[in-house]
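One-based numbering along the sequence shown. Both backbone and side-chain heavy atoms feed into the values below; hydrogens, waters and symmetry mates do not. Remember, it's a predicted structure, so these values are computed and weren't measured experimentally.
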Amino acid sequence: MAETTYLIQPRPPVRAFAIAAVATLLGAVLLVASLSSGWHVVVSLLFALLFVAGLALLVAAFMSMGRLAVQVTFTKDGYRVQGREVEGEGSWVDVTKVTQTQTGNRVTIHHGPERATYLMFPGNDAAQVDAVVADLKERLRVVKGI
């Protein structure tokens, strides 16, 4: 079987995006109002700071989504999980069972009673979970004849 790769993305930080949008918009409007009305320089600087803080939060929210992503690669011999804070791999021959939670957002690849690899799917993308599980089961069927 050909190698397949899945990218598991975290949930988008909607609250951070909303706060960034409000801070940026409010900072921009108030900055323009303060500059056009001739308010004190300190007030204009505070509004500029609010605008810049909103932009910084927006950039941080986008960067966090990329950094928290996990890449799962299935090969003919096994699998590899790579992310910022997670590294793992295993061989299909060593896999004893695969389980999935009732909510469907966590898949566990068991290697006997002492070792397991957890794949967390934080979003509600059931199609991605189903594709990963189907691919995983097919690879186990081919290797183990299950």
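Across all their heavy atoms, M120 and I8 have their closest contact at O-CG2, 3.2 Å. Nearest heavy-atom pair across M65 and Q9 is O-OE1, 3.4 Å. Shortest non-hydrogen contact noted between A69 and L7 is CB-CD1, 3.9 Å. Residues P10 and L68 share a closest heavy-atom pair of CG-CB, 3.7 Å. Of all heavy-atom pairs between R11 and P122, the closest is NE-O, 2.6 Å. When all heavy atoms of L31 and S44 are compared, the closest pair comes out as CD1-O, 3.3 Å.
In this structure, the separation between CG on L50 and OG1 on T24 is 7.5 Å, given to the nearest 0.5 Å. Once rounded to the nearest 0.5 Å, the distance linking CG of N105 with CZ of F121 reads 9.5 Å. Here the straight-line distance linking atom CG of D94 with atom CZ of R115 works out to 7.0 Å at 0.5 Å rounding.
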Start with the C-alpha distance between V93 and V143, add both sets of side-chain angles, then the distance that settles side-chain contact (heavy atoms from CB on, under 4.5 Å), and finish with yes or no.
CA-CA 7 Å; V93 176; V143 170; 4.1 Å; yes
Check the pair T117 / H111 against side-chain contact (heavy atoms from CB on, under 4.5 Å), numbers first and verdict last.
CA-CA 8 Å; T117 301; H111 297 269; 4.3 Å; yes
Take L119 and V132 through the test side-chain contact (heavy atoms from CB on, under 4.5 Å) and record every step on the way to the result.
CA-CA 10 Å; L119 302 177; V132 170; 4.3 Å; yes
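W39 and L35 end up in the same hydrophobic cluster when Ile, Leu, Val, Met, Phe, Trp and Tyr side chains are linked at under 4.5 Å. Linking Ile, Leu, Val, Met, Phe, Trp and Tyr whenever their side-chain heavy atoms come within less than 4.5 Å puts V98 and V70 in one cluster. The cluster map of Ile, Leu, Val, Met, Phe, Trp and Tyr, joined by side-chain heavy atoms under 4.5 Å apart, puts L26 and V43 in the same cluster. No chain of hydrophobic side-chain contacts below 4.5 Å, direct or via other Ile, Leu, Val, Met, Phe, Trp or Tyr residues, connects V59 to F51. Taken together through direct or relayed side-chain contacts under 4.5 Å among Ile, Leu, Val, Met, Phe, Trp and Tyr, Y6 and V86 form part of one hydrophobic cluster.
Side-chain N or O atoms of S36 include one that pairs as donor or acceptor with a backbone N or O of A33 at under 3.5 Å. A donor-acceptor pair is defined here as one N or O able to donate and one able to accept, closer than 3.5 Å; no such pair exists between the side chain of W92 and the backbone of F74. No side-chain donor-acceptor contact under 3.5 Å links Q71 to the backbone of R80. With R106 contributing its side chain and T101 its backbone, the two residues share no donor-acceptor pair below 3.5 Å.
The aromatic rings of F17 and F62 lie tilted to each other, with the angle between the two planes from 30° to 60°.
The one candidate from T75, D77, V81 that meets the side chain to side chain contact (heavy atoms under 4.5 Å, CB included) condition with Y79 is V81.
Side-chain contact between L57 and I19 is present, with at least one heavy-atom pair separated by less than 4.5 Å.
Every residue was checked against the ring pair (Phe, Tyr, Trp, His ring centres under 6.0 Å) condition with F47, not counting sequence neighbours, and none meets it.
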